[in-house]
Amino acid sequence: LVIFYLRNLRFFTWGLYLTRFILECLYPLLVCSCSSLVGSSIYMLIETSESIYWAFIIVSIIFFAGYITIYSVGNATIGRSSCLAISFSSSFTQFIPTCYISVNCILSILSYIFYVFPLYTTLVFIVVHFALMLIIYFAIYYQLPYHHKYGNILFSTLTCSQALFDIIAFVLFIVHKEISYVFLIVYLAIFVAFFVMNFFLFKRRYDKIVADLYLSPEETKNDTELSNYYQGLRLHTSETLAITYLHVGLTQMCPLFLNWSLVRFISQIYSTNYSICSVIQILSYFPTEFRQMNSLFSVATTRTDLNFIDRFLIYQVYRIKTLRQSSSSSDANERLVKLRSLTEQCMPNVVAFWRCREPSISYFESLAKEEHRVKSLWLEAIRDYPNSAKLYEEYTTFLIECVTDFHEAVQMKMKAEMIEQGKSNFAVDNSFRSLVWSIPSYVKKGILDTKGNILDYSQAPQNQIR
């Protein structure tokens, strides 16, 4: 993927899907496997005192740290992206998923280490694991961090099942009875029972938030009345609760979210980086809210304490702003001047090649690499500024004089003329497209049109939970 990007200045589509699968599905398995390897290596070193196990410990710790870092950062950037991609394990914030996998892995390592100690030390770790699983469960129930309702239900069920199994393991350790395969069936039965229980619990949680954010078409409230209403919900006392309402409002298409009163309330009450970037992320999905997003974007860019994930979001939003604005911009003109200079440098080399009677293969290869590099830069500029007629015009010159690709040159010339005449818009709003792709009910219910304009948010059902 990296080599392909360095050569073509873009990623190939199926490679992005493969990367997403590796980050969300494969890396959790690798993290857990490495944690077991670290713990077992330390245990074998204690038991045998052989120096070879130091090598296993060092290598496994390096891999464990690397895997969990890539898993955390990779999924955090996906969750903070301006392109919405919902799956069962995707989340708005990566803190709780990372805590869940880290707790299990670290306590797994410690259980190996203290296995040689008296029995009560293992029981202490079981109690600690039980308490941490309960804390994570209540955090999931309160914050609803995952995009999908069933993602929250699934991971809350896993934490509940592990907590109850800790109680079973605690009793078995006391009575000195080994855990057999029968308990695997018991665990599956417990998992199914907790899944059913959490389905109704989380449905009730979602129903409450959706009901709180519902506004009938007959009701009309000004900003002051809505602000008092949100304060009655105690959204002004808890930033986490307010952001949870914001996320549920997005996924459930709630009227008080779609009239942007909730967004304005959060922006006025909270000024932390987390709140501002969360609101910017939500607004980036809606092209019509360009002014609100631009206002908060200006505030965020003045902050010097943004973390890496928030800076990644700001970079993406900047690209979206550039894409949605008019074709003429100073950045596009600067890029055009640089690319025109590269084209003028490439043209004499092409002419010299054709005038040479016996060109060497090395000269041909160097010329091909130069043309490929310049063409990749032109395509990158067109992707960044798809409605710049000047870029298409100059790219046509490059295609004719350097690459001699007349068919594509004619197509670029036609696009330039269509842009100048105002007959076409070649910008692809991937942020808005990702919203429609992830939550198609926005268009199916007639809430948004294909351009992102809000038509009638009263069409959003009061209790339809996804």
Item to check | Trace of the side-chain contact (heavy atoms from CB on, under 4.5 Å) decision for T301 with Y318 | outcome: CA-CA 10 Å; T301 52; Y318 172 76; over 6 Å; no
Next on the checklist: side chain to side chain donor-acceptor pair (under 3.5 Å), that's the test. Do N152 and Y206 meet it? Break it down for me.
Outcome noted: CA-CA 11 Å; N152 290 303; Y206 272 91; 2.9 Å; yes
Item to check | S438-Y285 side chain donor-acceptor pair, cut-off 3.5 Å | outcome: no
Checklist outcome for this item: Heavy-atom closest pair (F194 atom, L164 atom, distance to 0.1 Å) is CE1-CD2, 3.6 Å
Checklist entry - Does a donor on one side chain and an acceptor on the other come within less than 3.5 Å for N273 and D305? => result yes
Item to check | Ring geometry between H148 and F88 (parallel below 30°, tilted from 30 to 60°, perpendicular above 60°) | outcome: tilted
Item to check | From CA spacing to verdict: side-chain contact (heavy atoms from CB on, under 4.5 Å), E380, R335 | outcome: CA-CA 10 Å; E380 181 187 34; R335 187 82 67 90; 4.3 Å; yes
Checklist entry - Do other residues, nucleotides or ligands put more than 12 heavy atoms under 6.0 Å from K321 NZ? => result yes
Next on the checklist: So for atom OH, which belongs to Y274, do other residues, nucleotides or ligands contribute more than 12 heavy atoms lying within a distance under 6.0 Å?
Outcome noted: yes
Item to check | Enclosure of F95 CZ (heavy-atom neighbours >12, cutoff 6.0 Å) | outcome: no
Next on the checklist: Against M133, only a single residue in T159, L158, V128 fulfils side-chain contact (heavy atoms from CB on, under 4.5 Å); can you say which?
Outcome noted: T159
Checklist entry - If you round to the nearest 0.5 Å, how far is CG of D207 from CG of D212? => result 10.5 Å
Item to check | Over 12 non-hydrogen atoms of neighbours within 6.0 angstrom of CZ in R433 | outcome: no
Checklist entry - Are S275 and E239 linked by a side-chain donor-acceptor pair shorter than 3.5 Å? => result yes
Next on the checklist: Run T93 and R80 through side chain to side chain donor-acceptor pair (under 3.5 Å) and show every step you take.
Outcome noted: CA-CA 7 Å; T93 174; R80 206 54 156 168; over 6 Å; no
Item to check | Donor on one side chain, acceptor on other, E289 and W260, under 3.5 Å | outcome: yes
Checklist outcome for this item: Taking every heavy atom of Y270 against every heavy atom of A242, the minimum-distance pair comes out as CE1-CB, 3.9 Å
Item to check | Under 3.5 Å side-chain donor-acceptor pair for Y315 and R311 | outcome: no
Next on the checklist: To the nearest 0.5 Å, what is the distance between CG on L201 and OG1 on T157?
Outcome noted: 9.5 Å
Checklist entry - What is the distance from atom CG of L391 to atom CG of L379, rounded to the nearest 0.5 Å? => result 11.0 Å
Item to check | Flag, side chain of T77 to backbone of V73, donor-acceptor distance under 3.5 Å | outcome: yes
Item to check | Note: E24-R20 ion pair, threshold 4.0 Å (strictly below) | outcome: yes
Item to check | Aromatic plane relationship, F63 with Y67 - under 30° parallel, 30 to 60° tilted, over 60° perpendicular | outcome: tilted
Next on the checklist: Does the structure place the NZ or CZ of K149 under 6.0 Å from the centre of the six-membered ring of F199, at an angle of no more than 45° from the ring's axis?
Outcome noted: yes
Item to check | Whether F155 and Y146 hold their rings parallel, tilted or perpendicular, with breakpoints at 30° and 60° | outcome: parallel
Checklist entry - Do other residues, nucleotides or ligands put more than 12 heavy atoms under 6.0 Å from M414 CE? => result no
Item to check | Mutual orientation of the aromatic rings belonging to F202 and Y137 [parallel < 30°, tilted 30-60°, perpendicular > 60°] | outcome: perpendicular
Next on the checklist: Looking at F191, I'd like to know if its CZ atom is crowded, meaning that more than 12 non-hydrogen atoms belonging to other residues, nucleotides or ligands lie closer than 6.0 Å.
Outcome noted: yes
Checklist entry - Rounded to the nearest 0.5 Å, what separation is found between the CG atom of L262 and the OG atom of S267? => result 9.0 Å
